[in-house]
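Here is the structure we will look at, set down as C-alpha cells.
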Amino acid sequence: MSLLTIALGGNALLQYGQKGTFEEQLANARVTAKQIVEFIKRGYKVVVTHGNGPQVGAILLQQEAGSSQVPAMPLHACGAMSQGLIGYMIQQSLINELRKAGIDMPVATVVTQVLVDRNDRAFRNPTKFIGPWYSEEEAKEKDKLGWVMKYDVGKGWRRVVPSPDPIKQVEIEAIRRMVDSGIIVIASGGGGIPVVDEEELEGVDAVIDKDLAGERLASSLGAEIFMILTDVEKVAINFKKENQRFLDVLTLEEARKYYEEGHFPPGNMGPKVLAAIRFVERTGKTAIITSLDKAIDALDGKTGTRIVKK
Ligand SMILES: NC(=O)OP(=O)(O)O
C-alpha cells in the first residue's frame, strides 16, 4: 500500500471572507474529509497535515482578550490548541465519511512538536501571516500594541510572527508506528508546535509553515507522493501577468530555476514549491500541487502540477 501525505491549505477549513465560526470550519472539514476518503478507497495509506494560520491567530486573540480574567497562553501553546481544534474537526469528519463508505479504519490526531533552531534568522524577521485581515487604519492601531503587521497582497493587513525552518517531528517514531499499524493519522498540524531541544524540549513562540513541515513528515515516513492542496489548480510562472503560464510538470531543475527567479511569492506559492523541491530532492519521489476539488484528478495525472526528479 503506497503512502500519501496530504498537506491541507487554509481553504480546506476556512475560506477567505468567512468569519471562522465553528460551524463554517466543520462544514469545510466535511467536504475535505470526503476527498480524503476517495484516496483511501483507491488503496492509499493516508497521513494528513494542515495549516492553522487563521485559527492560531484567532486563539491568540482570544488569549489576549480574556487575559484580565484568566492567564493568556503563549503562542506555542496556542499552536497546540489549534492542533487539537482542527484535528478534532478533521478526525470527526473522517470517521463519519469512512462509516458512510463502509470502511473500518481507525483515525487519530497526534499532537506534534517540531524541532527548530533558536538561532534561526526567522526569529528576527517575522513573515508568517496569522489571524484575520485588517484595514490600514486598524493595522496602525495594532502597531501601537507591538504587533508586527504586513500587507497580504489583495486581502489586507495581517499580523505576522516568526516562522523558523522545521528540522524534524519529535513524535515521528510514534506517527510511523501508527501509520504502519493501519491508522489514518493527522499530524504536524499548523506546521507543528515549534520547540527547541537544548537541555530539554521547550516551546518557542513561532508558527512553522505547514508545507515545509509537511515535507519533513512525508520524507521521514517514506511517502510515495506528497500532495499539497491549495486554492489553485496548478502552479504558474509570471502569475497574474500577461505571459502567465500554468505548469503541468516541473523537473527538479526547472522548479529550482523558477524558484530562484522569484516566480513564487513568499508566504504564498513560495513555501509550497520549496517544500515540493525538498521532497523530490530528498526522496526522488513525486510531489503534486493542486486544489482540493481537483485532488483525485491530479492523482490520476489529469491536472495539477507535478514536481518530478527528471
Ligand atoms: N502553519 C501554516 O502554514 O498555516 P497556514 O497554511 O494556514 O498559513
Side-chain angles (χ1 to χ4, degrees), residues 5-18 20 24-25 28-29 32 48-61 75-87 89-90 109 111-116 120 122-123 126-133 148-167 169 186-195 203-218 226-232 264-276 278-279 289-292:
T5 300
I6 305 170
L8 296 173
N11 67 331
L13 288 156
L14 195 54
Q15 277 137 32
Y16 178 67
Q18 288 188 321
E24 280 170 342
Q25 297 193 59
N28 294 334
T32 301
V48 180
T49 190
H50 57 80
N52 71 344
Q55 295 84 0
V56 75
I59 293 168
L60 188 61
L61 272 177
L75 179 57
H76 56 88
C78 295
M81 289 188 224
S82 76
Q83 285 189 349
L85 169 69
I86 299 169
M89 291 188 283
I90 298 175
T109 301
V111 173
T112 314
Q113 304 171 86
V114 167
L115 205 59
V116 298
D120 193 310
F123 284 105
T127 53
K128 183 78 198 155
F129 290 118
I130 62 164
W133 287 263
V148 184
M149 304 295 288
K150 285 209 165 120
Y151 189 62
D152 189 5
V153 179
K155 292 182 175 169
W157 290 82
R158 219 173 162 196
R159 191 174 191 173
V160 285
V161 296
S163 193
D165 212 16
I167 298 169
Q169 279 76 20
I186 301 155
S188 197
I193 304 157
V195 295
V204 286
D205 284 336
V207 174
I208 301 170
D209 182 88
K210 61 110 184 9
D211 297 308
L212 295 178
E215 180 282 319
R216 299 283 55 240
L217 186 66
F226 177 36
M227 185 173 263
I228 298 175
L229 298 180
T230 180
D231 49 6
V232 291
F264 314 119
N268 191 328
M269 195 51 85
K272 296 180 201 317
V273 173
L274 181 60
R278 287 181 178 177
F279 178 73
I289 302 176
T290 193
S291 55
L292 179 67

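In what follows, every heavy atom counts, from backbone to side chain, and hydrogens, waters and symmetry copies are set aside. Counting convention: from 1, in listed order, for ligands and their atoms alike.
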Test T109 against Q83 for side-chain contact (heavy atoms from CB on, under 4.5 Å), laying out the working first. CA-CA 8 Å; T109 301; Q83 285 189 349; 5.6 Å; no
side-chain contact (heavy atoms from CB on, under 4.5 Å) evaluation trace for L212 with R278: CA-CA 8 Å; L212 295 178; R278 287 181 178 177; 3.9 Å; yes
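Remark: side-chain polar atoms of D152 are not paired, donor with acceptor, to backbone N or O of K155 under 3.5 angstrom. With hydrogens and angles ignored, the 3.5 Å screen pairs a side-chain donor or acceptor of D205 with a backbone N or O of H76. Checking side-chain atoms of Q113 against main-chain N and O of I193 turns up no donor-acceptor pair under 3.5 Å. Of the possible polar contacts, one joining the K150 side chain to the P126 backbone as a donor-acceptor pair under 3.5 Å is found. In this structure, the side chain of S163 engages the main chain of V207 through a donor-acceptor pair within 3.5 Å.
Annotation: atom 4 (O) of ligand 1 to nearest protein heavy atom, N52 N, 3.0 Å. In terms of protein heavy-atom proximity, atom 6 (O) of ligand 1 is nearest to K210 NZ, 3.0 Å. At the shortest separation from atom 5 (P) of ligand 1 among protein heavy atoms lies G53 N, 3.6 Å.
Within ligand 1, counting atoms from 1 as listed, the ones closer than 4.0 Å to a heavy atom of D209 are 3 (O). Close contacts between ligand 1 and I208 involve ligand atoms 1 (N), 2 (C), 3 (O) [criterion: under 4.0 Å to a heavy atom]. Residue-ligand proximity, G190 to ligand 1, at heavy-atom distances under 4.0 Å covers atoms 1 (N). Shown in contact with V207 at under 4.0 Å from a heavy atom are these atoms of ligand 1, numbered in order with element: 1 (N).
The side chain to side chain donor-acceptor pair (under 3.5 Å) with S188 is formed by just one residue from the set Q169, K210, R216; it is Q169.
Residue P271 places every heavy atom at 4.0 Å or more from ligand 1. Residue K128 places a heavy atom under 4.0 Å from ligand 1. Put simply, no part of G9 is less than 4.0 Å from ligand 1, judged by heavy atoms.
Every N/O-N/O distance between D211 and ligand 1 stays at or above 3.5 Å. Checked against a 3.5 angstrom limit, the closest N/O atoms of P54 and ligand 1 fall outside it.
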